Amino acid sequence: MKIYFAGSIRGGREDANLYMSLIDDIKRYGTVLTEHIGDATLSAQGEQTVDDTFIYTRDMDWVRESDAIIAEVTTASLGVGYELGQAESMGKPILCLYRPQSGKRLSAMLSGNVYMKIKHYNTLDEAKDIIKDFISTLNNL
Ligand code: 6K6
């Protein structure tokens, strides 16, 4: 199984370590096409050695190639929102993981969209359980 993990880059890297822990967990179930999202050394400026057209083309190819998308959506990101919209158009199964926070609400473009499987969590262990359930639904398709 190929899984596209989406998480904020230029939207902010506050959760980079969490992305890495989630990616490590998801790797138990298949290939994560986007392991670099969890690279804690990557700043919000992103990689300087490749241009944005290259990144866009490569990432859209990976979305197309993937069997499912798992996104951590707590840190708002234009790129993640775009990827999720495209993935929905392609009919990909999508899980969005969100940590509720006081004073902030998830975009209605996600929370109001019945296509997206949106799951709230607080701890890494809760997120892992949600991922396990999501993968098992895919295996039953
Ligand atoms: C290379 C290594 C790490 O980062 C880079 C360069 N930048 C990007 N590389 C790969 N994917 C990217 C990069 N910038 C954005 N994305 C895609 O958009 C990722 O798949 C993320 O899920 C999403 C993040 O979007 P922003 O708007 O937060 O940057």
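If you're wondering where the values come from, they're calculated on a predicted model, not measured in any experiment. Read the numbers this way: they start at 1 and go in the same order the structure lists the ligands and their atoms.
Here is the list of ligand 1 atoms found below 4.0 Å of a heavy atom in Ile37: 19 (C), 20 (O), 21 (C), 22 (O). Near Ser77, with a cut-off below 4.0 Å to any heavy atom, the atoms of ligand 1 are 24 (C), 25 (O), 26 (P), 27 (O), 28 (O). Counting atoms of ligand 1 from 1 in the listed order, those under 4.0 Å from a heavy atom of Arg58 are 9 (N), 10 (C). The contact set between ligand 1 and Ser8, taken as ligand atoms under 4.0 Å from a residue heavy atom, comprises 28 (O). Listed by number with element, the atoms of ligand 1 under 4.0 Å from a non-hydrogen atom of Gly7 are 21 (C), 22 (O), 23 (C), 24 (C).
Residue contact check for ligand 1: Tyr82 places no non-hydrogen atom closer than 4.0 Å to it. Residue-ligand proximity: Thr34 is placed with every non-hydrogen atom at 4.0 Å or more from ligand 1. Residue contacts with ligand 1: Leu42 is included, with a non-hydrogen atom under 4.0 Å away.
At most 12 heavy atoms of other shown residues, nucleotides or ligands fall within 6.0 angstrom of atom NZ in Lys119.
The backbone N or O of Ser8 sits nowhere less than 3.5 Å from a side-chain atom of Thr75 that would complete a donor-acceptor pair. With hydrogens and angles disregarded, no donor-acceptor distance shorter than 3.5 Å links the side chain of Arg99 to the backbone of His120.
When the options Val50, Ile55, Thr57 are evaluated for a side-chain contact (heavy atoms from CB on, under 4.5 Å) with Thr53, the one that passes is Thr57. A side-chain contact (heavy atoms from CB on, under 4.5 Å) with Leu22 holds for exactly one of Ile70, Asn17, Leu124; it is Leu124.
Residues satisfying the side-chain hydrogen bond (donor to acceptor under 3.5 Å, both in side chains) criterion with Thr74, sequence neighbours excluded, are Glu72.
Cluster note: Tyr82 groups with Tyr4, Leu33, Tyr56, Met60, Trp62, Val63, Ile69, Val73, Val80, Leu84, Met90, Ile94, Tyr98, Leu106, Leu110, Tyr115, Met116, Ile118 through ILVMFWY side-chain heavy atoms spaced under 4.5 Å, whether in direct contact or through intervening members.
Taking only nitrogen or oxygen atoms, main chain and side chain alike, Val50 does not reach within less than 3.5 Å of ligand 1. Residue contacts with ligand 1: Ala6 is placed with no nitrogen or oxygen under 3.5 Å of a nitrogen or oxygen of the ligand (distance criterion only). Of the N or O atoms in Phe5, none lie within a sub-3.5 Å distance of an N or O in ligand 1.
Relative to atom 23 (C) of ligand 1, the option among Glu83, His36, Met60 with the closest non-hydrogen atom is Glu83.
For the residue pair Asp125/Thr123, the side-chain donor-acceptor check at 3.5 Å is not satisfied.
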